[in-house]
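For reference, the structure discussed in these notes is given below.
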Amino acid sequence: MLLLDGALLGSSPWDSTVSWGRAMFKRVTVRNFRAITDLSVDGLSRVNLFVGHNACGKTSLLESIFFLIGATNPRLPVSVNTFRGFPYVSLALWSTYFHNMDVTVPVEIRGNETDSGDEQRLVIRPRYEHPRSDTEVSSPALSGGWVRTVSTAVGNINGLELEYSTSSDLSPVVSRVFVKGGEVMEEGARVRLPTGAFVLPMEKDLRDRFSEIQRKKQVADVISLLREIEPAIADLRLLDPPGVLHGDVGAPELVPVNLMGGGMMKLLTTGLMMLTLQDGYVLIDEIENGLDYSSQRKLWDAIFSWSQKLNIQVFASTHSVECIRAFSDRAEGELFEVDAKLFRIERNESKFRAVEYTRELLAESLDSNWEVR
Amino acid sequence: MAGEGPRTITKRNVLAVEGEDDRNFFEALLRHMGIVDVQIEPVGGKDQFKNKLPALPKTPGFFDANGVSFVRHLAIVRDKGDDHAFESIANIVKAAGFTPPLASGRFSDGAPRVGIFIMPGQGVYGTMLEDLCLETVKNHPAMDCVGPFAECIRGLTHPPRSPSKAKCQAFLAAQVEIANAVGVGALKGYWNLNSPALDGLKGFLSQMRC
C-alpha cells in the first residue's frame, strides 16, 4: 500500500499539518496526465468501479485521484512510478506524468466535493534547475534505483512542482520534489487529511496496518472476513521477529498468511487498509487479481459494508466481467442501499469519455447480456 | 443467445422489441424488406422497456468517445396491450434523454432519431403482433380451420386469455412443419409478408434506410 501520511514515503519530516475536513468526491477532471488528454468523471458515488479496454486510462485515473488526495505530498508521484515499473528517477520519470511527455503543458487534476461543491485543484509542472553535472544516484524512495538530472532546451528538469488550491482557499500550497546533491529531496510538503491509499500487498505495510488494527481491537473483524475464504482460521498473530503475519488454521503450528493463497492476501490487505482508513479513500487497481468469483463477491460485501460504516470512498478498477457481475450482484443484494456505480472509461485516440452506470442500470445491462466494459 | 459473450452495439440502427420471438419475427420481416443494418434487441417483455431502454444506450458502440451517437435510429416496437402504450414508451424515451416522436409509426429528429410503433398498427384490429400476423393470412385456406377452432374455444368454461394467440397457434399447427411461435413461423415463411396489413409497419421500418 502507498500511504499519504508518510508512513512509507517519509524520509523527510512533514513541516506542518493541514486538515481540510472530509467529503466524498462527486466529480473528478483530469487533463494532460499520462495518456489522458481530458477526462471528466461525474456523479461519483461511495464505491466506484472503473472498467474499460486496455490503455483506456483506468490506472491513470486512479493515480490522478490518488495524487489529488495527496496533493501536498510531492514525493507521491515518484513512489507511484515505482509501481509502474520505473526503476530509477530520470527524464523517464519526470516527463512520464505529462501527456505525450510534453512537459510544457501542465497536468491538471480537479475534484469537486459532494456536499460543499468545493473544488480542489492540483497542477503539476516540471521543476527546472541548471545542473552542474548529469549524474545518477541512489534514490532513498526507491530501492535499488538511481537519480539522474536531464538537460532540456529551457533548462534542466530535475523535479516536479505541485500546486494545490481549493475554491474556498485560493492561496495555493506549493510543494516540490527534486534532485539535489544526488538525493531526492522535497520541500513544502504537508500532511493533509483525509488520507488515502492504494491497495498493494507490501509486507511492511501489512505489519504496520495489522499493528494498528491490534491497537484498535479490530482483529476479530479481520478474522471474520478471512473466514469467508478460510473457514478454519481462528486467529492472526504478528510473529516478531521478523514481523510476519501468521494465521491459526488448526494446524500444529501457525502458518504465514502469504502462504494461504492470493485470495487470502487480497482480502487481508484490503480489509486491513479499510479498517485503518476511516473517513479516507481507498484505491484498488485490478481488484479481481487473485480472487475467484466467490471470493470476489465476499470482497465486495466487505467493501460495501465497511465503506459505509467507516465513511470511506472507494475507487477500484477491473477488466473482469466476472468481477463486474460480483460487484453488481452484491450491490443489489445488500440489505442497505449501496451507493455504488460503475464507470466505463472510453478512449478513441485522444478523446476520452466516462459512461456512468447506476447499480440498477448495470444490473439491467448484465441481465440483457449487454457489454459494459 | 445463451453461451454468447456480452453484446456491443455494432449496427447503425437498433430495434428494441419485447421478446426473443419478436426478434425472430422482425429478423424475417427486415430480411424480406432487404434491410440489413439493424441490430434487434429484445428487452424481455413489454414491462421491461422502462428498465432496459435507459441501459441500452450505455452499451459500448452506441455513442462514440466524443459522445456522438453512432446509432442513427433507435426504433421501439411494443404491443398496444391495455394501457397507454405510446405515452408510456414516449415517457421512457424522454427520461432516457432522447426525443420521442409525436405519434406511433413516426421517428423524431435528433441523434439518434427515435421511432415508436405500437402493434398491431393503425387500421388493424387487435392489440398485439399476433393480430397483425393473423391479418396477413386472413385469406389462407388454413384459416378455414382456425375460424371454427376459435368459435369452439370461445364456448369453453375457461377460454384462453388471448384468443389471438390461440388462433396463431392453431394456424401454425396447421402448417406442414409445425412452428411453436409466431416469430419462428415468420422465419419459416408462414405469414404473408407481402400482405398490405404490414404496410404500416414496413413504412415505419423503412425510415431506418435513410
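Throughout, a chain's letter reflects where its sequence line sits, starting with A, and its residues are numbered from 1.
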(request) Identify the residue among B:Lys58, B:Lys52, B:Lys50 that makes a salt bridge (Lys or Arg N to Asp or Glu O under 4.0 Å) with A:Glu364. (result)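 Result: among B:Lys58, B:Lys52, B:Lys50, B:Lys52 is the only option passing the salt bridge (Lys or Arg N to Asp or Glu O under 4.0 Å) with A:Glu364.
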Taking all heavy atoms of [X] and all of [Y], pick out the closest pair and write down the distance.
X	Y	value
A:Trp370	B:Pro6	C-CB, 4.1 Å
B:Asp64	A:Arg353	O-NE, 3.2 Å
A:Tyr357	B:Thr59	OH-N, 3.8 Å
B:Asn51	A:Leu361	O-CD2, 4.5 Å

(message) For the backbone of B:Asn66 and the side chain of A:Asn348, can you confirm whether one donor and one acceptor N or O come within less than 3.5 Å of each other?
(response)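 Flag not set: sc A:Asn348 to bb B:Asn66 has no pair under 3.5 Å.
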(message) Other residues, nucleotides and ligands only: do more than 12 of their heavy atoms fall within 6.0 Å of NZ on A:Lys26?
(response)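 Atom NZ in A:Lys26 is not packed in, count stays at 12 or less.
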(message) Does A:Asp102, at its CG atom, have more than 12 non-hydrogen atoms belonging to other residues, nucleotides or ligands within less than 6.0 Å?
(response)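 Count over threshold, so yes.
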(request) Sort B:Ile9 into side chain, backbone, both or neither according to what part of it lies under 4.5 angstrom from a heavy atom of chain A. (result)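 For B:Ile9, neither part sits under 4.5 Å from chain A.
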(message) For chain A, which candidate among B:Gly61, B:Gly44, B:Gly67 shows the most heavy-atom pairs at distances under 4.5 Å?
(response)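 The option with the most such pairs is B:Gly67.
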(request) Count the heavy-atom pairs under 4.5 Å between each of A:Glu360, A:Glu346, A:Glu349, A:Arg347 and chain B, then report the option with the highest count. (result)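 Of the candidates given, the most pairs with chain B belong to A:Glu346.
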(request) Indicate yes or no: at least one non-hydrogen side-chain atom of B:Pro60 is less than 4.5 angstrom from one of A:Arg344. (result)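 In contact.
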